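Remember, predicted model here, so these are calculated numbers, not experimental data. Worth knowing before you read on, the calculation uses all heavy atoms, side chains too, and leaves out hydrogens, waters and symmetry mates. Order of the sequence lines sets the chain letters (A, B, ...), proteins ahead of strands, with each chain counted from 1.
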Number of protein chains: 2
Amino acid sequence: MTARRSDATRAAILRAARERFAADGYERATIRAIAADARIDPSMVMRYYGSKEGLFAAAAEFDLRLPDLHEVPEDQLGETLVRHFVDRWESDDRLVALLRTASTNPGAAERMRAVFAGQLGAAVARLDPDPAAAARRAGLVASQILGIAFTRWIVGLPPVVELTPAQLVAWVAPTVQRYLTGPTPDTITP
Amino acid sequence: MTARRSDATRAAILRAARERFAADGYERATIRAIAADARIDPSMVMRYYGSKEGLFAAAAEFDLRLPDLHEVPEDQLGETLVRHFVDRWESDDRLVALLRTASTNPGAAERMRAVFAGQLGAAVARLDPDPAAAARRAGLVASQILGIAFTRWIVGLPPVVELTPAQLVAWVAPTVQRYLTGPTPDTITP
DNA sequence: GTCTATAATTCGATAGAC
DNA sequence: GTCTATCGAATTATAGAC
């Protein structure tokens, strides 16, 4: 299969779509605006991706690219993961698009669950022999990672925005480390 | 000023609006749907609240009702705060409405910043004499609290949804405790 | 492959009768 | 105070010319 000329158009559409979905969310990111950004006609978007849902599905396809946690010294798991996520988030607006859109679009929320329960859950599952406990640890890690992403890139809470990546890693890594390798805490019966 | 009959209508509108905004977000929650839920005519919403923005502003008005942190033993700050937020979140869908809407509506994001930088920031400011450090601590606390809320009530990540409130407090309280009272970590220069 | 024209909805907001 | 009727704008999506 040779490279068709339309591939450039498809790529331009996807790039514009990612930016618009990341900046405006699903409802406010219109096909017209995306087409204008990509300098093409709105009908081309429909031709190539069928519908707005189809365009979003193509634009939000991505991989967390998690490192193999077995090659990481156990006491550096938290730092490694937090650094990885911060880097990943700063360099790929697909994650921001998915995050912003997951609040109102059921399909995006489902994708978000699949990514974090799937990719992160699988990586963590190899650290804890008990599947339920491993899933719980992965969920707690996701809560802190997504909380940072939400406050920093979506809401824009000033103190969180102003943290440097190094400060972010230094503060948050111990949290993730404890969620991954710390003992299950006692729960007080009320 | 005596109670007017229209007060019941206004209250019904606000209740329906909170539910719709919490469930659907700002764009998908239509005035027509809210009016139908409240069993009144859509034009009444406009008459009472002027615009959709005005309705949202009225529906999302709320207070975190933070306890006075000075009356809490220092080593129980994390537990107290996490328990408070979990209770608050489960019993008031205004917070869910604001959270879901903050992703796409700039006004809601601004409100969210005001609430967490203001109310939470003020409560934490009295624990740390350095204003910048206190703001940073409050921001980190917000990141974990909002991360739990986002994964549990918005995205619905299964392992986080399945945690009982007691488990949630037991796991997350140490994180918040460290953000509030722990030492500032060293940052490695890259 | 690309674009024009338009269909078919849906929404927020307004005017005015009762 | 409440409701009917409707405007004007914006959207996704389709049909078809070139």
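- Between A:Ile40 atom CD1 and C:dG1 atom P there is a gap of 13 Å when expressed in whole angstrom units.
- Between A:Ile34 atom CD1 and D:dT11 atom P the separation is 11 Å, expressed in whole Å.
- With sequence neighbours left out, A:Phe56 forms a ring pair (Phe, Tyr, Trp, His ring centres under 6.0 Å) with A:Phe21, A:Tyr26.
- Atom CG of B:Asp41 and atom P of D:dT4 are 6 Å apart (whole Å).
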**OP:** Report, as a single string ordered 5' to 3', how protein heavy atoms within less than 4.0 Å touch nucleotides 12-18 of chain C: B base, S sugar-phosphate only, - not at all.
**Re:** BSB----
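- Counting only residues at least two apart or on different chains, the salt bridge (charged side-chain N to carboxylate O under 4.0 Å, His left out) pairs with a member in residues 140-160 of chain A are A:Glu90-A:Arg152.
- Computed from coordinates, the B:Asp24 CG to C:dC11 C1' distance equals 15 Å when rounded to whole Å.
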Show me the donor-acceptor pairs within less than 3.5 Å that the side chains of residues 118-132 of chain A make with the rest of the protein, sequence neighbours left out.
residue: A:Gln119; atom: OE1; partner: A:Leu64; partner atom: N; Å: 2.7
residue: A:Asp128; atom: OD1; partner: A:Asp130; partner atom: N; Å: 2.9
residue: A:Asp128; atom: OD2; partner: A:Arg137; partner atom: NE; Å: 2.9
residue: A:Asp130; atom: OD1; partner: A:Ala132; partner atom: N; Å: 3.2

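- A:Arg15 is linked by a side-chain contact (heavy atoms from CB on, under 4.5 Å) to A:Ala12, A:Arg18, A:Glu19, counting only residues two or more places apart in sequence or in another chain.
- For the segment residues 98-112 of chain B, the set of residues with a heavy atom within less than 4.0 Å of an atom of DNA chain C is empty.
- In this structure B:Ser51 satisfies the side-chain hydrogen bond (donor to acceptor under 3.5 Å, both in side chains) test with no other residue, sequence neighbours excluded.
- Atom-to-atom, CE of B:Met44 to C1' of D:dC3 comes out at 9 Å; the value is rounded to the nearest Å.
- Atom-to-atom, OH of B:Tyr49 to P of D:dT2 comes out at 12 Å; the value is rounded to the nearest Å.
- The stretch residues 174-184 of chain B participates, sequence neighbours left out, in no salt bridge (charged side-chain N to carboxylate O under 4.0 Å, His left out) pair at all.
- A search for side-chain contact (heavy atoms from CB on, under 4.5 Å) contacts involving B:Val72 returns B:Gln76, B:Leu77, B:Thr80, not counting sequence neighbours.
- Inspection of the B:Glu27 and B:Thr104 side chains reveals an N or O donor paired with an N or O acceptor under 3.5 Å.
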